[in-house]
Amino acid sequence: MTIEEYILAHSDEEGKLLSTLNRDANVNLLRPRMLSGHLQGRILKMFCRMLRPKRVLEIGTYTAYATLCMAEGMEEDGLIHTIEINDEMEDFIQKYLSHSPYKQRIKVHFGDAMQLIPAIEETFDMVFIDADKRLYSAYYDLIFPKVRNGGLILADNTLWDGKVVEEIHSNDKQALGILAFNDKIKQDDQVEKVILPLRDGLTMIWKK
Ligand SMILES: C[S@@+](CC[C@H](N)C(=O)[O-])C[C@H]1O[C@@H](n2cnc3c(N)ncnc32)[C@H](O)[C@@H]1O
């Protein structure tokens, strides 16, 4: 048994719908590793249990795996706005939302987050940044005024497969985007921050 298997065996199960979604994505989609998965999904749910956010923004829906996990941890009157640029994901997303008891807590927007975010009139308690790595800093600047003081921003993949401590090629725009974001957050004294070495790196950013 690996340590990862041990962790999962001693944590909550992801449940039938999410394990079916996970299998479906692995068989039928390109880049299924993009979805949060069992462990990170349970952690996102736990954040919602603990923080009880009323309004959540997710940038990068993909299969809605993480969306469903966060919705599961939210209260009845909570709402997640989740944004996905690839409208070819719509059928997949709707198929799983339609089977979820939490679907009324989820609003999916199709389009570019950079264009859609300004039009969403909400103050967010929690934001999960998980889309184009080249745009992390731009997403952050866009969402920051919409996050309440005391709100939490989570950013995924901030260790970028360990590349953050390796020599980066100047044409690796995604790695450069992550590096710039990590430096920006470190220097931002409007927030407290810590990188969790979970999976591919998950940064917790708390707005003072
Ligand atoms: C890593 S996946 C999201 C995984 C999902 N949050 C989860 O944890 O299961 C990133 C997604 O962001 C989408 N994306 C990339 N750029 C985007 C943008 N500018 N606006 C909205 N979505 C974007 C991609 O199409 C892709 O589906």
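As the structure lists them, so they are numbered: ligands from 1, and atoms in each ligand from 1. Scope of the values below: all heavy atoms of this structure, side chains included, with no hydrogens, waters or symmetry mates. In this chain, residues are counted from 1 in sequence order. On a predicted model such as this, the values are computed, not experimentally measured, just so you know.
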So what's ligand 1 close to, N/O to N/O, under 3.5 Å?
{"unit_1": "ligand 1", "atom_1": "6 (N)", "unit_2": "Glu58", "atom_2": "OE2", "d": "2.9"}
{"unit_1": "ligand 1", "atom_1": "6 (N)", "unit_2": "Gly60", "atom_2": "O", "d": "2.7"}
{"unit_1": "ligand 1", "atom_1": "6 (N)", "unit_2": "Asp130", "atom_2": "OD2", "d": "2.8"}
{"unit_1": "ligand 1", "atom_1": "8 (O)", "unit_2": "Ser36", "atom_2": "N", "d": "3.3"}
{"unit_1": "ligand 1", "atom_1": "8 (O)", "unit_2": "Ser36", "atom_2": "OG", "d": "2.6"}
{"unit_1": "ligand 1", "atom_1": "8 (O)", "unit_2": "Asp130", "atom_2": "OD2", "d": "3.2"}
{"unit_1": "ligand 1", "atom_1": "9 (O)", "unit_2": "Ser36", "atom_2": "N", "d": "3.0"}
{"unit_1": "ligand 1", "atom_1": "19 (N)", "unit_2": "Asp112", "atom_2": "OD1", "d": "2.9"}
{"unit_1": "ligand 1", "atom_1": "19 (N)", "unit_2": "Tyr139", "atom_2": "OH", "d": "3.2"}
{"unit_1": "ligand 1", "atom_1": "20 (N)", "unit_2": "Ala113", "atom_2": "N", "d": "2.9"}
{"unit_1": "ligand 1", "atom_1": "22 (N)", "unit_2": "Ile85", "atom_2": "N", "d": "3.1"}
{"unit_1": "ligand 1", "atom_1": "25 (O)", "unit_2": "Glu84", "atom_2": "OE2", "d": "2.6"}
{"unit_1": "ligand 1", "atom_1": "27 (O)", "unit_2": "Glu84", "atom_2": "OE1", "d": "2.7"}
{"unit_1": "ligand 1", "atom_1": "27 (O)", "unit_2": "Glu84", "atom_2": "OE2", "d": "3.2"}

Checklist entry - Are any non-hydrogen side-chain atoms of Leu97 and Ile106 less than 4.5 angstrom apart? => result yes
Checklist entry - Can you name the residues that form a salt bridge (Lys or Arg N to Asp or Glu O under 4.0 Å) with Arg23, not counting sequence neighbours? => result none
Checklist outcome for this item: With sequence neighbours left out, the residues meeting salt bridge (Lys or Arg N to Asp or Glu O under 4.0 Å) with Asp91 are none
Next on the checklist: Just to verify, which of Asp156, Asn182, Ile59 counts as forming a side-chain contact (heavy atoms from CB on, under 4.5 Å) with Tyr136?
Outcome noted: Asp156
Solution key, residues 159-171 side-chain donor-acceptor pairs under 3.5 Å, sequence neighbours excluded:
none

Checklist entry - Hey, is Asp189 close enough to Lys186 for a salt bridge, meaning N to O under 4.0 Å? => result no
